[in-house]
Amino acid sequence: MSAALVFAVFAVTLIAATIFYLFFYRTWRRERKLRAPFPEPWRQHLDSNVPLYRKLSKTLKCALEQRVQLFLSEKEFYGCNGFEVNDTVKVTIAGHACLLILARPYSDFDEVSSILVYPDAYHVRDIESDGLIVSESNEIRAGEASSRGQVVLAWKECEEAARAPHSSHNVMLHEFAHQLDYLDGTADGAPPLGGEQARHWQSAMTHAYEHLRHSLHHHHKPWLDPYGATEPAEFFAVLTEAFFQQPGHLKHEQPEVYKALQGYYRLDPKALWQDA
């Protein structure tokens with residue numbers, strides 16, 4: 001048997017094994033995991049620390065619990081700077097993260113591998129170069145997400161978000177929205193879309209983004225967190241926070257944006273949580 005043929009057989013075998021894992025073994029493992037009852041203490045954590053959970057119908061509560069169950073079985077949590085990660089921390093973060101995929105495939109989070117949790121806002125040393133000049137800065141952050149499947153969060157910010165379900169900021173929703181944005185390989189403010197949905201997204205988001213930047217440029221009070229004007233990726237993440245926490249306000253200010261997000265997330269929060 002020639003070396004080329006051996007290599008071809010090996011490649012085909014590897015591809016077959018990968019397909020088996022992705023489409024059969026992973027599915028079997030998840031179905032097996034979901035046969036176990038959802039732990040009652042986790043349900044209490046959701047009820048206490050994920051306010052939107054209390055607004056869901058029984059069917060949607062069950063859907064969120066299943067996603068949380070898979071999330072906690074597959075993702076690694078790490079405490080940083082001496083922080084101890086317990087079930088309260090894990091379920092609170094997982095509950096908010098999984099709100100984003102409540103009506104979407106759980107596989108949207110397949111690439112998320114680890115969550116690093118700091119007790120409070122943390123310092124990051126950032127070095128940038130334009131080819132000629134190298135600049136260094138120290139930033140204080142409450143969270144970040146990477147294309148390598150890592151999410152970093154400050155627990156104090158997470159706790160504050162859990163206590164204020166109608167505020168304009170939720171670091172957990174924000175950073176996991178970035179992970180959805182990364183699904184097409186880059187954080188550009190547009191998760192994977194196609195056809196008419198992509199065209200409507202492009203039109204609605206471009207108009208709203210420019211409107212926000214124009215308002216800030218002319219020192220008008222913006223309809224959205226100004227951080228959303230930083231770049232399209234942050235615009236999508238900030239919009240996601242508003243969509244889940246201030247749906248009535250978002251729908252009133254930017255109905256086409258709300259429609260685009262409703263189509264992507266396959267949810268209508270304005271109808272689901274009536275007092276939002």
Side-chain angles (χ1 to χ4, degrees), residues 30-79 83-106 108-109 112 114-120 142-143 151 153-177 179-180 237 240-250 261-262 265-276:
R30 287 174 174 172
E31 290 175 349
R32 184 167 177 259
K33 175 62 66 175
L34 291 177
R35 285 199 289 270
F38 191 79
E40 186 57 35
W42 291 6
R43 187 170 288 116
Q44 293 171 6
H45 290 319
L46 287 176
D47 193 68
S48 299
N49 299 319
V50 186
L52 295 181
Y53 169 80
R54 298 193 293 267
K55 299 174 180 290
L56 299 176
S57 66
K58 184 176 180 180
T59 299
L60 287 178
K61 280 184 178 179
C62 181
L64 184 64
E65 290 171 2
Q66 288 184 333
R67 283 157 176 74
V68 167
Q69 199 164 359
L70 293 177
F71 192 98
L72 294 182
S73 72
E74 296 180 358
K75 317 304 180 187
E76 295 291 338
F77 283 77
Y78 301 95
F83 183 71
E84 181 180 347
V85 175
N86 55 26
D87 280 356
T88 300
V89 173
K90 291 181 180 180
V91 175
T92 300
I93 293 173
H96 282 88
C98 291
L99 281 171
L100 304 188
I101 57 169
L102 182 57
R104 292 190 55 81
Y106 175 78
D108 280 358
F109 279 164
V112 176
S114 57
I115 298 91
L116 281 64
V117 189
Y118 284 84
D120 204 340
V151 174
L153 297 166
W155 177 243
K156 184 178 179 182
E157 298 286 335
C158 296
E159 284 187 305
E160 291 177 359
R163 289 195 295 267
H166 302 308
S167 73
S168 61
H169 187 55
N170 183 307
V171 67
M172 295 169 282
L173 297 178
H174 186 103
E175 300 305 338
F176 281 97
Q179 288 297 330
L180 295 176
T240 293
E241 296 175 78
F243 182 69
F244 283 92
Q245 303 218 141
Q246 299 178 321
H249 179 68
L250 177 60
L261 290 167
Q262 183 182 349
Y265 285 114
R266 305 173 188 176
L267 287 171
D268 183 1
K270 181 68 173 64
L272 288 174
W273 21 103
Q274 295 296 330
D275 58 342

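All figures in this text were calculated on a predicted structure; none of them were measured in a lab. For the numbers below, each heavy atom of this structure counts, side chains included, while hydrogens, waters and symmetry mates do not. The first residue in the sequence is number 1, and the count goes up from there.
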4.5 Å side-chain heavy-atom contact, Phe176 and Ile93 | yes
Would you say Glu65 and Pro37 make side-chain contact, with heavy atoms under 4.5 Å?
-> no
So how far is it from Leu70 CG to Leu34 CG, rounded to the nearest 0.5 Å?
-> 4.5 Å
Least distance between heavy atoms, Glu175 atom then Leu153 atom | CG-CD2, 3.8 Å
Aromatic ring pairing Trp155/Phe83, orientation class (parallel under 30°, perpendicular over 60°, tilted between) = tilted
Please examine the side chains of Phe38 and Lys61, heavy atoms only from C-beta on, and report whether any two atoms are closer than 4.5 Å.
-> no
Lys/Arg N to Asp/Glu carboxylate O, Glu159 vs Lys156, below 4.0 Å | no
Closest non-hydrogen contact found for Ala161 with Met172 is CB-CE, 4.1 Å
Which atom pair, heavy atoms only, marks the closest approach of Gly248 to Lys270?
-> CA-CD, 3.4 Å
So do the side chains of Val85 and Ile115 get within less than 4.5 Å of each other, counting heavy atoms only?
-> no
Tyr53 side chain reached by Leu60 side chain, heavy atoms, under 4.5 Å = no
Residue pair Val91 / Asn49, side-chain heavy-atom distance below 4.5 Å = no
Any sub-3.5 Å donor-acceptor pair from Lys75's side-chain atoms to Ala94's backbone N or O?
-> no
Hey, mind stepping through Arg54 and Asp47 against side-chain contact (heavy atoms from CB on, under 4.5 Å) and telling me if it holds?
-> CA-CA 6 Å; Arg54 298 193 293 267; Asp47 193 68; 3.2 Å; yes
Value for NE2 (His169) from CD (Glu160), rounded to nearest 0.5 Å, stands at 8.5 Å
Interatomic distance, NZ@Lys55 vs CG@Leu272, rounded to 0.5 Å, equals 10.5 Å
Where do Gln262 and Asp268 come nearest, in terms of heavy atoms and distance?
-> NE2-CB, 3.7 Å
Stepwise side-chain contact (heavy atoms from CB on, under 4.5 Å) check, Phe243 with Leu173 = CA-CA 10 Å; Phe243 182 69; Leu173 297 178; over 6 Å; no
Min side-chain heavy-atom separation His96-Pro51 under 4.5 Å | yes
For residues Tyr106 and Arg30, determine if any side-chain heavy atom of one lies less than 4.5 Å from a side-chain heavy atom of the other.
-> yes
In short, Gln69 meets Ala36 closest at the heavy-atom pair NE2-O, 2.9 Å
From OG (Ser48) to CZ (Arg163), nearest 0.5 Å = 13.0 Å
Atom CD of Glu84: over 12 foreign heavy atoms under 6.0 Å = no
Criterion side-chain contact (heavy atoms from CB on, under 4.5 Å) on Tyr265 and Thr240, from CA distance to verdict = CA-CA 9 Å; Tyr265 285 114; Thr240 293; 2.8 Å; yes
Step by step, would you call Lys90 with Phe71 a side-chain contact (heavy atoms from CB on, under 4.5 Å)?
-> CA-CA 9 Å; Lys90 291 181 180 180; Phe71 192 98; over 6 Å; no
Closest heavy-atom pair and its distance - Leu102, Ala63 | CD1-CB, 3.9 Å
